[in-house]
There are 2 protein chains.
Amino acid sequence: MKITYKGDYALKTILDLAAHFGNGPVVINDLSRRLDIPTKFLEQILLDLKRAHFVESKRGKIGGYSLARHPGQITLGEVTRFIDGPIEPIACVDKRYSGCHDAGACVFRSIWGQVSSSTAKIIDNITFEDLLKRSKRTNKSFNYQI
Amino acid sequence: MKITYKGDYALKTILDLAAHFGNGPVVINDLSRRLDIPTKFLEQILLDLKRAHFVESKRGKIGGYSLARHPGQITLGEVTRFIDGPIEPIACVDKRYSGCHDAGACVFRSIWGQVSSSTAKIIDNITFEDLLKRSKRTNKSFNYQI
DNA sequence: GTATACTCTACTATTATAATAGAGATTATC
DNA sequence: GATAATCTCTATTATAATAGTAGAGTATAC
């Protein structure tokens with residue numbers, strides 16, 4: 001598993017939108033400024049997130065982005081996998097992989113499978129609602145109002 | 001964490017050398033053929049592994065490579081980190097990282113830290129002796145003699 | 001001294017990453 | 001219906017990593 005800048009930005013963006021959930025859309029420029037993400041790069045990321053139905057948008061004045069689902073219904077794992085791909089450290093772990101001549105007997109394969117499982121156990125059980133609570137706890141100055 | 005071809009090849013090479021531990025050196029060509037690794041690429045990998053003192057070599061006739069330490073003294077984690085770098089999914093997890101303006105308050109950082117720890121717990125507790133035993137169990141045709 | 005085998009440096013093709021650029025489409029409001 | 005705000009879409013680019021390939025050089029056993 002490798003978290004790229006794009007993935008990191010996506011997660012932070014969704015957390016920000018989670019913090020504003022229910023308070024109307026947030027414009028790209030505000031997200032960009034608050035999260036310190038290049039605006040044009042963020043535009044692309046948001047379009048991706050929109051296509052995956054994590055967020056929804058409204059154009060024109062009073063437009064912007066908002067979460068398409070409740071923060072408690074979006075997990076860290078879902079977003080990470082969507083942006084940065086499979087969490088497996090190596091492709092052969094995948095059931096449908098056929099590139100390895102003796103995948104069944106390979107001792108490494110089963111270990112990378114264990115690694116994947118332990119990672120999944122963590123990130124698939126954390127929602128953005130959880131993250132929001134944590135960040136409110138640890139960061140007093142965290143701005144979760146509009 | 002991402003296992004590259006180079007890392008995968010390195011691990012398989014060390015496992016093969018572990019299987020031949022104590023029986024004199026193994027030549028690159030045999031490793032290359034047995035493990036299906038491009039010879040010239042394997043040469044480079046072995047030189048890297050030699051510089052890190054995982055393996056040692058002997059030149060000329062009756063030369064080749066052998067493990068520099070007992071298979072029980074080399075962990076999967078050590079080799080993986082050496083070839084493919086840190087296991088952390090993102091650089092900010094590292095204590096010495098200073099690129100993030102609010103690393104202390106970042107909820108993601110602590111989660112990627114958990115992911116790293118759970119991965120480390122697995123790969124740092126498996127030696128090539130363990131792997132050898134496992135592969136002997138699961139693969140009857142595994143050739144661990146010279 | 002010759003065949004065998006490791007050593008070293010350089011080069012190359014492909015892909016992913018992290019953007020940047022700019023024109024286009026939609027909507028609220030006056 | 002003009003205008004400003006805002007999202008939408010496609011293309012381009014710079015840098016780095018990955019996965020090799022190439023070839024000349026060095027050491028050793030016999």
Side-chain angles (χ1 to χ4, degrees), chain A residues 1-13 17 20 24-33 35-68 80 82-86 89-92 99, chain B residues 1-13 17 20 24-33 35-68 80 82-86 89-92 99:
Chain A
M1 140 173 274
K2 168 96 187 295
I3 310 298
T4 63
Y5 271 84
K6 188 176 179 183
D8 184 42
Y9 291 162
L11 297 176
K12 287 174 175 164
T13 297
L17 292 179
H20 292 83
V26 180
V27 301
I28 293 181
N29 256 300
D30 287 353
L31 290 166
S32 165
R33 204 176 322 108
L35 304 173
D36 197 28
I37 302 171
T39 309
K40 293 301 265 177
F41 196 17
L42 182 55
E43 283 181 8
Q44 290 182 40
I45 294 168
L46 281 165
L47 286 174
D48 284 348
L49 292 174
K50 185 187 170 178
R51 289 185 195 108
H53 306 295
F54 288 116
V55 305
E56 52 195 22
S57 65
K58 204 187 163 202
R59 293 211 231 187
K61 257 187 171 165
I62 320 193
Y65 281 93
S66 42
L67 274 199
T80 296
F82 175 68
I83 298 287
D84 284 332
I90 190 169
C92 70
Chain B
M1 137 174 275
K2 168 97 187 294
I3 310 299
T4 63
Y5 270 84
K6 188 175 179 184
D8 184 43
Y9 292 163
L11 297 176
K12 287 173 175 164
T13 297
L17 292 178
H20 294 83
V26 179
V27 300
I28 292 181
N29 256 301
D30 287 354
L31 290 166
S32 166
R33 203 176 324 105
L35 305 174
D36 197 29
I37 301 172
T39 308
K40 292 301 264 179
F41 196 17
L42 183 54
E43 283 182 7
Q44 289 182 39
I45 294 168
L46 281 164
L47 286 174
D48 283 347
L49 292 174
K50 185 186 173 182
R51 290 185 195 109
H53 306 294
F54 288 115
V55 305
E56 53 195 21
S57 65
K58 204 185 165 202
R59 294 211 229 188
K61 256 184 172 165
I62 321 192
Y65 280 93
S66 42
L67 275 200
T80 297
F82 175 68
I83 298 288
D84 284 331
I90 189 168
C92 69

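Just so we're on the same page: letters track the sequence lines, and every chain starts at 1.
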**OP:** Nearest-nucleotide wise, let me know which of A:E43 and A:I62 is further upstream toward the 5' end of DNA chain C.
**Re:** A:E43

Subject >> Listed partners of B:Y5 passing side-chain contact (heavy atoms from CB on, under 4.5 Å), at least two apart >> reply: B:Y9

Original post:
Nearest 0.5 Å, what's the CD1-CG distance between B:I83 and B:D8?
Top reply: 11.5 Å

**OP:** Kindly compute the distance separating CE (A:M1) from CD1 (B:I90), expressed to the nearest 0.5 Å.
**Re:** 10.0 Å

Original post:
Which of residues 1-12 of chain B sit near DNA chain C, with a heavy atom under 4.0 Å from it?
Top reply: none

Subject >> End axis versus end axis in the helix from C:dG1-D:dC30 to C:dC30-D:dG1, the angle rounded to 10°, five pairs used at each terminus >> reply: 10°

Original post:
Do A:V55 and A:T13 touch side chain to side chain, with heavy atoms closer than 4.5 Å?
Top reply: no

Subject >> Side-chain (B:S32) to main-chain (B:P38) donor-acceptor, under 3.5 angstrom >> reply: no

Subject >> Any residue of residues 45-59 of chain A with a heavy atom less than 4.0 Å from an atom of DNA chain C >> reply: A:K58, A:R59

Original post:
Can you name the closest pair of heavy atoms from A:N29 and A:T39 and give their distance?
Top reply: OD1-OG1, 4.3 Å

**OP:** Can you sort out the partners of A:Y65 under ring-ring contact (aromatic ring centres under 6.0 Å, His included), two or more places apart, ordered by chain and number?
**Re:** none

Subject >> For B:G7 against B:D84, the heavy-atom pair lying closest together >> reply: CA-OD2, 3.3 Å

**OP:** With sequence neighbours excluded, tell me which residues meet side-chain contact (heavy atoms from CB on, under 4.5 Å) with A:K40.
**Re:** A:E43

Original post:
Quick one: salt bridge (charged side-chain N to carboxylate O under 4.0 Å, His left out) pairs with a partner in residues 51-67 of chain B, sequence neighbours left out?
Top reply: B:D48-B:R51

Short N/O separations, protein against nucleotides 2-4 of chain D, under 3.5 angstrom:
none

**OP:** Report the distance from atom CD of A:Q44 to atom P of D:dT8, rounded to the nearest whole Å.
**Re:** 13 Å

Original post:
Heavy-atom distance under 4.5 Å between the side chains of B:L31 and B:L46, does that happen here?
Top reply: yes

Subject >> Segment of DNA chain C, first to last nucleotide, that comes within the 4.0 Å heavy-atom reach of chain B >> reply: C:dT4 to C:dA10

**OP:** Please report, rounded to the nearest Å, how far the P atom of D:dA19 is from the CG atom of B:L42.
**Re:** 14 Å

**OP:** Name all residues meeting the side-chain hydrogen bond (donor to acceptor under 3.5 Å, both in side chains) criterion together with A:S66; count only those two or more places apart in sequence or in a different chain, and write none if there are none.
**Re:** none

**OP:** Hey, could you give me the CD1/NZ distance between B:I45 and B:K12, rounded to the nearest 0.5 Å?
**Re:** 11.5 Å

**OP:** Please identify each residue that fulfils side-chain hydrogen bond (donor to acceptor under 3.5 Å, both in side chains) with A:K50, with sequence neighbours left out.
**Re:** A:S57

**OP:** Just jot down the side-chain contact (heavy atoms from CB on, under 4.5 Å) partners of B:A91, sequence neighbours excluded, or say none.
**Re:** B:Y97

Subject >> Separation of D:dG20 C1' from B:D36 CG (nearest whole Å) >> reply: 14 Å

